[in-house]
Amino acid sequence: MSQDLLPKTYDPVEIESKWYDIWIKTNCFKADENKKNREYSIVIPPPNVTGSLHMGHALNNTLQDILIRYHRMRGYNTLWMPGMDHAGIATQNVVERQLAAEGLTRQDLGREKFIERVWEWKQHSGGVIINQLKRLGCSCDWDRERFTMDEGLSNAVREVFVKLFEEGLIYKGDYIVNWCPRCHTALSDLEVEHEETQGSLWHIRYPIENSEEYLVVATTRPETMLGDTALAVNPADPRYASFVGKHAILPLVGRRLKIIADPIVAMDFGTGALKVTPSHDLTDFELSIRHDLDRVTIMDSNAKINDRGIHFSGLGRYECRERIVSELQEKGFLEKVTPYVVGLGKCYRCKDIVEPLISKQWFVRVAPLAQEALKAVQEGQTRIIPEHWVKTYYDWMNNIRDWCISRQIWWGHRIPAWTCQECGRLVVAASAPSECPYCESSSLLQETDVLDTWFSSALWPFSTMGWPEKTPLLETFYPTSCLVTGFDILFFWVARMMMMGIKFMGNVPFRDVYIHALVRDEHGKKMSKSLGNVIDPLMVMDKYGTDAFRFTLAALAAQGRDIRLSENRIEGYRNFMNKLWNAARFTLPYCEKIDSNLDFRSISNFSLPERWILSRLNRTIATVSKALENYSFNDAAQSLYEFSWHEFCDWCLEISKIQLADEDPVVSSRAAAVLNHTLDSLLRLLHPFIPFITEEISSKLNSGSAPILRGEYPTQNDSLIDEKAERDMNFLMSVISAVRNLRAEMNVAPGKTLAVTLACVSEDQADLVRTNAEMVTNLAKISNLDLCQLTPLFSPPQDSVTAVVSGARIYISLRGIVDPSVEITRLEKEIAKVSADYESVEKKLTNQSFISKAKPEAIQKQRDRKQELTTKMEGLRDALNKMLSMQSG
RNA sequence: GGGCGGGUAGCUCAGCGGGAGAGCAUCGGCCUUACAAGCCGAGGGUCACAGGUUCAAAUCCUGUUCCGCCUACCA
């Protein structure tokens, strides 16, 4: 492959789709369910069937793909299980909107037809996200794709429901729930979002029966007074002690309200007196149980006032509020109104304001399940990473409330419970019973509600693998190795999977839970359509390529911190892709000719830069592997970036140009082999992050061999770590940099070669330079390098500028160019810097406490530094003195 | 109310006990035969504030302050 066949800039478009097709065609992503040895598995957090790829998905799936590809290359039998959930409310909303456009409602169609319609929608427009995940390069085992409404998964749902019901862990009852008047369904506590909104606190007078007195209560929702059935005060509140047991008269309505005492009432809030509306407030509902209070429901399922609402009947809840307030005012019941910020509960799907309402619902008694899930984390069967989420998990598990699982919609798993129309008993069964087991009547009516989507998602880690059957897949891959997810669904999903996995599989669903950050815009704002700050991942991939995008996400994925994504960061990594591409363009032609098997046994014969890059490579391998094992994606990415660009490209490639041109074929071919080896290893290291470009380059580097995706991930070879080579190279690189620096400071044309005198502090140092003189002169553009020892007799060349590196003095002769005053200023500045450093070191070393208490290594380090700074200072002072005398002379 | 995370270069962030770092942006010089999406250099920071622990603090502890998020039955 000749380099002119490769374009100068990397163009991702064709390469990406080409490789994805090849991977799919050659079954690269397939898991082997029958190979029980070193298995690694992840189940995807199922995206919503109505969804399309956003930044959160992109990050989440990029990280999973990195883990999967890494382990696959490490030789693990990997399974990445893909799929989607059916998103009951969201999907139903989508299809209902479609119907509305045709002037129809779901009721017009009827349940069966409507469900058919939803499936139709799913066939045609659902699941676009799957293709977008492919675009992102996700190496899921697509043949195993699952959907929560699949037959198998639906069986699992019914099986679990029946089992939990039989054990008394599922029950049905009249309770107050969060009701969304727009979606017409109950919501679980988690599905309600709280939002602080400016509201008011209305202080209303409740006259005491047979008395001139009244009690003032403060409320944020005056309209609910229509449903008041009591007043409550704190039993410890002396202000109201005399009122307890008496009755008040409900303004406008006239109902008698018992005044009760309960410790739940906060004395310091409002007036310390609470109106109790059991049917429309969660706290009040609980009070009604404790004190056996009446419940008066005054709203219907649309949140309109019903016929219990006297002359307000038929009004919407907010219209009613206005009317009530003005009527209270007119009649003198309103004492005052104060501004107040309320936490309004909103439906997480449609943002309508949630209304607490009493209705018949199904619940899971979660406390016993939660205890097990709590224990599993406490005992370390499942690790949560980063660890600070553990506390959040514990808190929630410890304060968990029963889970309302019924939803009054049609799309979803219909509750497998039937009521006998003859004897009225409830029959719960995995499949439809033909007759009532109690009275043998065949007149059975199934529940119309469906289950919360999260109920089926909770089973995902095992239902996708074929449970309740005992499948080889479950046998091999359960528990899964890791779950990767955002903290926003820690409770919704992770906690519930833990409960269900332990309950039904007898084992935790995953060994590790890695919780990643949220992706925000560059100013830290949550991306949202209404703010208009959304960056579309598909646009990013089009513009910069998938690899650049993935690398950006990985590089920004520091643990425990949100990601602020900016486009110019992505652009920077796009440039990195191009850099790699060009490094390959340079390297490839040389690689064709060589036998790529480097014999590391003869490493001692390798040149210094060769030993150096191999040493650096192996350190990088160690860093990257360790970082990935610890889910430190950013560390891994950063280390790879640094090595690729600033060691491999900036130095190794440049140095190799000299060696590749060497007349000695041993030298040139070894240089090519080292380049080839380093590039090949680097591509493998990078592959999990940037699969496409690495595959493309690798295919050219090793034409005819299997995809790199199935290749081996490099492992660290300790025998190639060479500290001396690193030290020596650091010295030589510093010398080169120093010369370049002086050249730039002195405004010497880059093309102009220079005469340099290098006075070394030791024979070893001089030897080192001598052996690598070609490299030094080449990279520093030196025409004439004069090497000598720094002896007392040494006299620096005339008309030169000076730098000091590790004691060695570098003099660049600039006859006629040197302006002493410029050089003096430069040296003085340099000396000031060095002497500041010197003083801080000296201060430490003269501090007795430091000498006696600090670690010996720390002391030695300061001594070494002092030595280094001393020689540097001497060199600079000498140079300065010389310049000063030159100027005056 | 409880909890968590954060305030480090102009911007976005690493670092989390021993010489203040990166990317982008800025400035100067280069079309050097892999790459101008590039190369070679440079400038830029009392690491939010105040105390404390330590020989040593951006880093650990306490408090203050400002931001963000999660959670909760003060209506």
Side-chain angles (χ1 to χ4, degrees), chain A residues 3 6 8-10 189 194 201 217-221 224 232 264-277 281-287 340 342-343 386 388-389 391-392 395-396 399 401 487-488 490-491 517-518 520 522-526 544 548 552 555-556 558 560-569 571-589 634-635 638 641-642 646 649-650 653-654 657 737 740-745 747-751 781 837 840-841 844 847-855 857-859 861-862 865 868-869:
Chain A
Q3 76 184 47
L6 290 182
K8 227 171 147 175
T9 42
Y10 173 61
D189 294 338
H194 294 274
L201 205 49
V217 301
T219 177
T220 56
R221 305 193 55 202
T224 63
I264 202 172
V265 183
M267 291 189 275
D268 55 355
F269 183 86
T271 61
L274 172 70
K275 69 187 214 38
V276 184
T277 321
D281 184 281
L282 278 82
T283 315
D284 295 0
F285 180 79
E286 282 168 21
L287 274 174
Y340 184 69
V342 280
H388 67 256
W389 288 108
K391 200 175 169 194
T392 311
D395 283 353
W396 194 69
N399 299 305
R401 304 188 4 173
F487 61 80
D488 47 335
L490 181 63
F491 307 138
L518 244 49
R520 302 174 177 282
E522 58 189 311
H523 306 296
K525 288 255 177 339
K526 209 167 175 170
Y544 301 102
T552 308
L556 294 176
R561 203 166 170 149
D562 283 346
I563 291 179
R564 297 192 188 193
L565 190 68
S566 68
E567 230 182 293
N568 68 28
R569 196 75 192 249
E571 192 184 338
Y573 290 115
R574 188 272 314 263
N575 297 352
F576 176 53
M577 300 306 127
N578 197 47
K579 188 74 180 173
L580 276 179
W581 182 251
N582 278 288
R585 276 180 75 225
F586 172 79
T587 309
L588 284 169
N634 60 322
D635 289 342
Q638 199 188 336
Y641 181 94
E642 171 69 22
H646 299 302
C649 290
D650 286 353
L653 281 190
E654 293 306 324
K657 285 176 184 172
S737 296
R740 288 170 172 172
N741 179 335
L742 287 177
R743 176 198 291 279
E745 299 254 354
N747 278 317
V748 178
K781 288 228 171 72
D837 279 356
S840 92
V841 171
K844 280 186 187 175
N847 181 342
Q848 265 319 309
S849 321
F850 177 70
I851 300 298
S852 58
K853 291 183 180 168
K855 286 176 290 186
E857 307 92 82
I859 300 172
K861 203 171 171 194
Q862 294 307 319
R865 253 188 97 199
E868 166 83 28
L869 291 167

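Every heavy atom of this structure was used, including side-chain atoms; hydrogens, water molecules and symmetry mates were not. Order of the sequence lines fixes the chain letters, A, B, ..., with proteins taken first and strands second; residue numbering starts at 1 for each chain.
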Which base, if any, makes a Watson-Crick or G-U wobble pair with [N], both distances under 3.5 Å?
N     : value
B:U53 : none
B:C69 : B:G3
B:U33 : none
B:A20 : none
B:U59 : none
B:A9  : none
B:C74 : none
B:A25 : none

What interatomic distance, in whole Å, is found between [atom1] of [M] and the corresponding atom of [N]?
N     : M     : atom1 : answer
B:G23 : B:G38 : P     : 12 Å
B:A9  : B:G44 : C1'   : 6 Å
B:G19 : B:C60 : P     : 16 Å
B:C49 : B:C66 : C1'   : 11 Å
B:U46 : B:G21 : P     : 15 Å
B:G6  : B:U12 : C1'   : 14 Å
B:U53 : B:U59 : C1'   : 14 Å
B:A20 : B:G43 : P     : 16 Å

May I ask you to say what [X] touches in the nucleic acid, namely base, sugar-phosphate or nothing, with a heavy-atom cut-off under 4.0 Å?
X      : answer
A:A854 : base
A:V265 : base
A:K579 : base
A:D650 : sugar-phosphate
A:L653 : base
A:F285 : nothing
A:Q848 : nothing
A:T392 : nothing
A:R865 : base
A:A744 : sugar-phosphate
A:Q862 : sugar-phosphate
A:T224 : nothing
A:I264 : base
A:N741 : sugar-phosphate

Can you identify which nucleotide, out of [options], has its nearest atom closest to the [X] side chain?
X      : options             : answer
A:R585 : B:C35, B:G3, B:C55  : B:C35
A:H194 : B:A75, B:A72, B:C55 : B:A72
A:N582 : B:G18, B:A34, B:A42 : B:A34
A:K861 : B:C35, B:G19, B:C70 : B:G19
A:K8   : B:A75, B:A36, B:C24 : B:A36

Checklist entry - Can you find a donor-acceptor pair, distance only, under 3.5 Å between A:E654 side chain and B:A34 base? => result yes
Next on the checklist: Is it the case that the base of B:G23 and the side chain of A:R569 share a donor-acceptor contact (distance under 3.5 Å, atom types as modelled)?
Outcome noted: no
Checklist entry - Does A:F586 have A:K657 sitting over its ring (NZ/CZ under 6.0 Å from centre, angle to axis within 45°)? => result yes
Phosphate OP1/OP2 of [N]: any [X] side-chain N/O under 4.0 Å:
X      : N     : answer
A:H646 : B:G23 : yes
A:K657 : B:U33 : no
A:N575 : B:C35 : no

Checklist entry - Can any side-chain N or O of A:D281 pair as donor or acceptor with the backbone N or O of A:D284 at less than 3.5 Å? => result yes
Checklist entry - So, does A:N634 use its side chain to make a donor-acceptor pair with the main chain of A:A555 at under 3.5 Å? => result no
Item to check | Residue pair A:A218 / A:L201: nearest heavy atoms and the distance that separates them | outcome: CB-CG, 3.8 Å
Expressed as a whole number of angstroms, how long is the span from [X]:[atom1] to [N]:[atom2]?
X      : N     : atom1 : atom2 : answer
A:Y573 : B:C24 : OH    : C1'   : 10 Å
A:R221 : B:C73 : CZ    : C1'   : 14 Å
A:N747 : B:C40 : CG    : P     : 18 Å
A:F487 : B:C4  : CZ    : C1'   : 10 Å
A:N578 : B:A37 : CG    : P     : 8 Å

Checklist entry - Side chains of A:E567 and A:Y544: does their closest heavy-atom pair fall under 4.5 Å? => result yes
Checklist entry - What about the rings of A:F576 and A:Y10, do their centers lie closer together than 6.0 Å? => result no
